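Below is one structure; the comments refer to it alone.
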Amino acid sequence: MKAIVYTNFGPPEVLHLQEVERPTPKANEVLIRIYATTVVKEDPDMRASPGFNGFLKPRHPILGQELAGEVEATGRNVTRFSPGDQVFGIDMFGAYAEYKCMPENGALAIKPTNISYEDAASVPNGALTALPFLRDKGKIQSGQTVLIYGASGSVGAAAVQLARYYGAKVTGVCSTTNLEWVKSMGADQVIDYTREDITEDGKTYDIMFDTVGKRSFSECKGSLADEGIYLATVPTPVIMLQALWTAKSGRKKVKFVAAGLRPAREKIKDLVFLSKLIEAGKIKPTIDRIYPLEQIVEAHRYVEQGHKKGNVVITVAS
C-alpha cells in the first residue's frame with residue numbers, strides 16, 4: 001500500500017511517499033481503507049523535532065491522526081463493525097496511508113450519513129477537544145457568555161459551533177482575514193486580535209476558552225465574570241499550577257483536560273453524539289484546503305504557517 005513515511009526529524013521534505021506492507025487485522029481489530037485524513041497541528045510538531053514520537057528517530061514512521069474510510073475486513077472476534085461500514089475516528093499515528101488497523105473498541109464510529117469522507121475526517125480532532133472542555137470542564141449553560149480565542153482553528157471553529165448549540169452567546173477572536181468566516185460559524189460577535197485587546201474593552205465572560213495558548217490566565221482574569229472559568233488547551237507548568245491553586249481558592253477557575261488522553265470509550269460516545277449533531281444540521285465540518293496524499297509536504301508547510309481556517313484535509317484513496 002502507499003503511505004507517507006519519515007525516518008528522520010526535520011522539515012516537511014523528510015516526508016516521502018513509498019510502498020509499505022499492508023497491515024493485517026488481529027482478532028480484535030478492523031482493517032480500514034482510508035479515504036481521507038488531515039494534517040493537525042501536532043503532526044508538523046512531531047515531524048520537525050524529537051519528543052513525543054521518539055528522540056533518535058521517529059518511533060512511528062507514519063503520521064496522521066484523523067481518518068475516514070470503509071471497514072474492509074474484521075478480526076474474528078470483532079462484533080461492533082462489519083465489512084462495508086463507513087467509519088470515522090482518530091488515533092495517534094498511521095493515517096497517512098491507504099490502510100490502517102484499529103481496535104474495534106478504539107476511537108471509531110459510524111460516519112455521519114450526510115457528509116463526505118473528507119468532511120468526516122475533519123471532525124474528530126477539533127470537536128473531540130472542544131467538547132470535553134466546554135461541556136465537562138466549562139459546564140457550559142444556555143445564556144452564558146463565552147469567548148473563543150483562536151476561533152478560526154480546528155478546535156476554535158468546533159468550539160464556536162458547540163457553544164452555540166448549547167445556547168451560549170459566543171464571541172470569537174481571530175485575525176482580520178477570518179472575521180466573516182468565524183461569524184458564519186455562528187459567533188454572535190467577532191474580535192480582530194490585531195486591532196483590539198480583549199482584556200481592555202471592559203467586557204466580561206462566563207467562559208474564556210483559549211484554544212491556541214496565546215493568552216494567560218493572569219491577562220484574562222479581569223475579563224472573567226465572577227465565578228468565571230478560563231479554559232486552556234496548552235498545559236504549561238504555570239497553567240497546571242494555576243489550575244491546582246484556583247481549584248482550592250478563589251471564585252475564578254483555571255481548568256484543563258488532556259482531551260487526547262481520554263479513554264476510547266469516552267471518545268466513542270462523543271463521536272456518536274457529534275455524528276447525530278452533524279446529521280441534524282446543528283454543527284458542520286470545517287475545511288480550509290484539500291490536498292492529495294502526494295502533496296503532503298505542501299500541506300505540512302501550509303499548516304505550519306498557522307493561518308488556516310478549520311481543517312486541512314488529505315485525500316488518500318478515491
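Residue numbers start at 1 and run along the sequence shown. Nothing here was measured: the structure is a model prediction, and the numbers come from that model.
- With hydrogens and angles disregarded, no donor-acceptor distance shorter than 3.5 Å links the side chain of Glu29 to the backbone of Cys101.
- For the pair Asp43 and Arg47, the salt-bridge criterion is not met [side-chain N within less than 4.0 Å of a carboxylate O].
- Of the inter-residue distances, the one linking Ile278 atom CD1 with Asp119 atom CG reads 8.5 Å to the nearest 0.5 angstrom.
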Checking side-chain hydrogen bond (donor to acceptor under 3.5 Å, both in side chains) for the pair Thr38/Asn311: CA distance, chi angles, key distance, verdict?
CA-CA 7 Å; Thr38 66; Asn311 299 273; 5.7 Å; no
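- Within the 3.5 Å criterion, the main-chain N or O of Asn125 finds a donor-acceptor partner in the side chain of Glu66.
- Phe133 has its ring centre less than 6.0 Å from the ring centre of Phe209.
- When side chains are defined from C-beta on, Ser116 does not count as touching Tyr35, because their heavy atoms never get closer than 4.5 Å.
- Atom NZ of Lys309 and atom SG of Cys174 lie 10.0 Å apart (nearest 0.5 Å).
- Residue Phe88 is not grouped with residue Ile32 when hydrophobic side chains (ILVMFWY) are merged at heavy-atom distances under 4.5 angstrom, including chains of intermediate members.
- Lys139 and Gln144 are not linked by any side-chain donor-acceptor pair at a separation below 3.5 angstrom, with hydrogens and angles left out of the test.
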Apply salt bridge (charged side-chain N to carboxylate O under 4.0 Å, His left out) to Lys252 and Asp226, showing your working.
CA-CA 6 Å; Lys252 301 179 182 182; Asp226 195 31; over 6 Å; no
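- No continuous path of hydrophobic side-chain contacts links Val272 to Phe81 [ILVMFWY only; heavy atoms under 4.5 Å].
- Looking at Glu98, its side chain never comes within 3.5 Å of a backbone N or O of Val316 through a donor-acceptor pair.
- A heavy-atom distance below 4.5 Å is not found between the side chains of Ile229 and Lys137.
- A cation-pi arrangement is present between Lys111 and Tyr117 under the rule of less than 6.0 angstrom and at most 45 degrees off the ring axis.
- Counting heavy atoms from C-beta outward, Ile198 and Val173 have side chains that approach closer than 4.5 Å.
- Of all non-hydrogen atoms in Val234 and Ile239, the two that sit nearest each other are O-CG1, 3.9 Å.
- Hydrophobic clustering (side-chain heavy atoms under 4.5 Å, transitive across Ile, Leu, Val, Met, Phe, Trp, Tyr) keeps Ile90 apart from Ile34.
- Follow the hydrophobic side-chain contacts under 4.5 Å out from Ile110 and you never reach Ile283; the two are in separate clusters.
- Looking at Lys100 and Glu72, no side-chain N of the basic residue comes within less than 4.0 Å of a carboxylate O on the acidic one, giving no salt bridge.
- At least one side-chain heavy atom of Gln189 sits less than 4.5 Å from a side-chain heavy atom of Lys203.
- Checked by atom type and distance alone, the side chain of Ser184 pairs as donor or acceptor with a backbone atom of Trp181 at under 3.5 Å.
- Counting non-hydrogen atoms of neighbouring residues, nucleotides and ligands closer than 6.0 angstrom, the CD atom of Gln18 exceeds 12 such neighbours.
- Residues Leu293 and Ile4 meet the side-chain proximity criterion, which asks for heavy atoms closer than 4.5 Å.
- Placement of Val71 and Leu271 in two distinct hydrophobic clusters is found when ILVMFWY residues are connected by side-chain heavy-atom separations under 4.5 Å, directly or transitively.
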Tell me, with the steps shown, if Lys221 and Ser216 meet side chain to side chain contact (heavy atoms under 4.5 Å, CB included).
CA-CA 8 Å; Lys221 189 175 181 180; Ser216 68; over 6 Å; no
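- Atoms CG and CH2, from Leu241 and Trp245 in turn, are 11.0 Å apart once rounded to the nearest 0.5 Å.
- Classification of the His300-Tyr96 ring pair by plane angle, with boundaries at 30° and 60°, yields perpendicular.
- Judged by distance alone, with hydrogens and angles left aside, the side-chain atoms of Glu219 form no donor-acceptor pair with the main-chain N or O of Thr199 at under 3.5 Å.
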Run Asn53 and Phe93 through side chain to side chain contact (heavy atoms under 4.5 Å, CB included) and show every step you take.
CA-CA 9 Å; Asn53 192 28; Phe93 300 99; 3.6 Å; yes
Could you please spell out the steps behind the side chain to side chain contact (heavy atoms under 4.5 Å, CB included) verdict for His16 and Val297?
CA-CA 8 Å; His16 57 276; Val297 170; over 6 Å; no
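- A cation-pi geometry, defined here as NZ or CZ lying under 6.0 Å from the six-membered ring centre and within 45° of its normal, holds between Arg289 and Tyr302.
- Residue Pro25 comes nearest to Gly75 through the heavy atom pair CB-N, 4.3 Å, listed as atom of the first residue, atom of the second, then distance.
- Nearest heavy-atom pair across Arg80 and Ile268 is NH2-CG2, 3.2 Å.
- Using a 4.5 Å heavy-atom threshold, the side chains of Ile296 and Ile314 count as touching.
- Taking all atoms of both residues into account, the shortest heavy-atom contact from Arg301 to Pro12 is CG-CG, 3.7 Å.
- By the 4.0 Å N-to-carboxylate-O rule, Lys183 lies too far from Asp188 to be salt-bridged with it.
- Glu266 places no side-chain N or O within donor-acceptor distance of the main-chain N or O of Pro263, the cut-off being under 3.5 Å.
- Heavy-atom contacts from other residues, nucleotides or ligands closer than 6.0 Å to CG of Leu244 number more than 12.
- Between Lys284 and Met185, some side-chain heavy-atom pair lies under the 4.5 Å cut-off.
- Between Tyr99 atom OH and Arg33 atom CZ the span is 4.5 Å, to the nearest 0.5 Å.
- Distance alone, capped at 3.5 Å, places no donor-acceptor pair between the Lys169 side chain and the Ser142 backbone.
- When atom types are taken as modelled, the side chain of Lys253 and the backbone of Thr246 share a donor-acceptor pair closer than 3.5 angstrom.
- Side-chain atoms of Thr176 and Asp192 include a donor-acceptor pair closer than 3.5 Å.
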Assess the residue pair Arg215 and Asp197 against the criterion (side chain to side chain contact (heavy atoms under 4.5 Å, CB included)); give the C-alpha distance rounded to whole Å, side-chain angles, the decisive distance to 0.1 Å, and a yes or no.
CA-CA 11 Å; Arg215 303 305 297 257; Asp197 188 334; 3.2 Å; yes
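- Atom CD1 of Ile207 sits about 6.0 Å away from atom CG of Leu231, to the nearest 0.5 Å.
- Without hydrogens or angle criteria, Asp85 side chain to Ser82 main chain gives a donor-acceptor distance under 3.5 Å.
- Here CZ of Phe9 is found 8.5 Å from CZ of Phe55. Values are rounded to the nearest 0.5 Å.
- With hydrogens and angles disregarded, a donor-acceptor distance shorter than 3.5 Å links the side chain of Asp210 to the backbone of Gly213.
- Put simply, the side chain of Val155 does not reach to within 4.5 Å of the side chain of Val212, judged on heavy atoms.
- For Pro285 against Ile115, the heavy-atom pair with the smallest separation is CG-CD1, 4.1 Å.
- Glu227 CD: more than 12 foreign heavy atoms inside a 6.0 Å radius.
- Across Tyr205 and Thr145, no two heavy atoms sit closer than the pair CA-OG1, 3.3 Å.
- Side-chain contact annotation: Thr211 with Thr233, donor-acceptor N/O pair under 3.5 Å absent.
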